[in-house]
Amino acid sequence: MNWISEKIKQATGFTKFVMDISKSKGFLLGRSIYLRPEIYQDLLSKNPNPQNIGILIHENTHFDRMTKMGLINFNFKYLFSRKNRFEEE
């Protein structure tokens, strides 16, 4: 099964820097999901680690919710509402 679609990107440069300082495994930026390079590469393999599949599913859930709520509304609530951020995670 191919787990990688065009909205899934390998973190490099600035996005990898953000991941390194935040210790996150993946995050949304705009209309893309960025994953740590080792997770992205694993998902390209024949037998990806189930934990990495779970991370991708988790990030896809955020993406789907963001699509329904709208990019600005989702990001505003995620950034400025502790309750919303807690429920989202």
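All values derive from a computational prediction rather than experimental measurement.
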Same cluster (ILVMFWY, side-chain, under 4.5 Å), Val18 and Leu28: no
Same cluster (ILVMFWY, side-chain, under 4.5 Å), Ile53 and Ile55: yes
Of the non-hydrogen atoms in Gly26 and Glu59, which two are nearest, and what is the gap between them? O-OE2, 3.1 Å
same_hphob_cluster(Phe14, Ile21) at 4.5 Å side-chain heavy-atom cutoff: no
Leu29, Ile33: one ILVMFWY side-chain cluster at the under-4.5 Å cut-off? no
Spell out, yes or no, whether Phe63 and Leu56 are grouped together once hydrophobic residues are joined by side-chain heavy atoms under 4.5 Å, including indirect joins. yes
Nearest heavy-atom neighbours spanning Arg31 and Lys7: O-CB, 3.9 Å
All heavy atoms of Gln10 vs all of Tyr34, minimum pair found to be O-CD2, 4.2 Å
Could you go step by step and tell me if Lys25 and Gln51 meet the side-chain contact (heavy atoms from CB on, under 4.5 Å) rule? CA-CA 11 Å; Lys25 296 182 182 189; Gln51 184 177 6; 4.0 Å; yes
Is it true that atom CD1 of Ile72 has more than 12 heavy atoms of other residues, nucleotides or ligands lying nearer than 6.0 Å? no
Check whether Thr61 reaches the backbone of Ile57 with its side chain - one donor and one acceptor, N or O, closer than 3.5 Å. yes
side-chain contact (heavy atoms from CB on, under 4.5 Å) for Phe27 and Thr15? Distances and angles first, verdict last. CA-CA 9 Å; Phe27 69 93; Thr15 54; 4.0 Å; yes
What distance separates Ile4 CD1 from Leu43 CG, expressed to the nearest 0.5 Å? 4.5 Å
Taking 4.0 angstrom as the limit, do Lys16 and Asp20 come out as a salt bridge? yes
If I compare all heavy atoms of Pro37 with all of Ala11, which pair ends up nearest, and what's the gap? CG-O, 3.5 Å
Nearest 0.5 Å please: distance from the CD1 atom of Ile39 over to the CD1 atom of Ile8. 11.5 Å
Output the distance between atom CG (Asn60) and atom OG (Ser5), rounded to the nearest 0.5 Å. 6.5 Å
Closest approach of Lys9 to Glu6 (non-hydrogen atoms, all atoms of both residues): NZ-O, 2.7 Å
Can any side-chain N or O of Arg36 pair as donor or acceptor with the backbone N or O of Ser24 at less than 3.5 Å? yes
List in chain and number order the residues that pass ring-ring contact (aromatic ring centres under 6.0 Å, His included) with Phe80, two or more places apart in sequence or in another chain; answer none if no residue qualifies. Phe76
Consider only side-chain N and O atoms of Asn49 and Asp42, and report whether a donor and an acceptor are under 3.5 Å apart. no
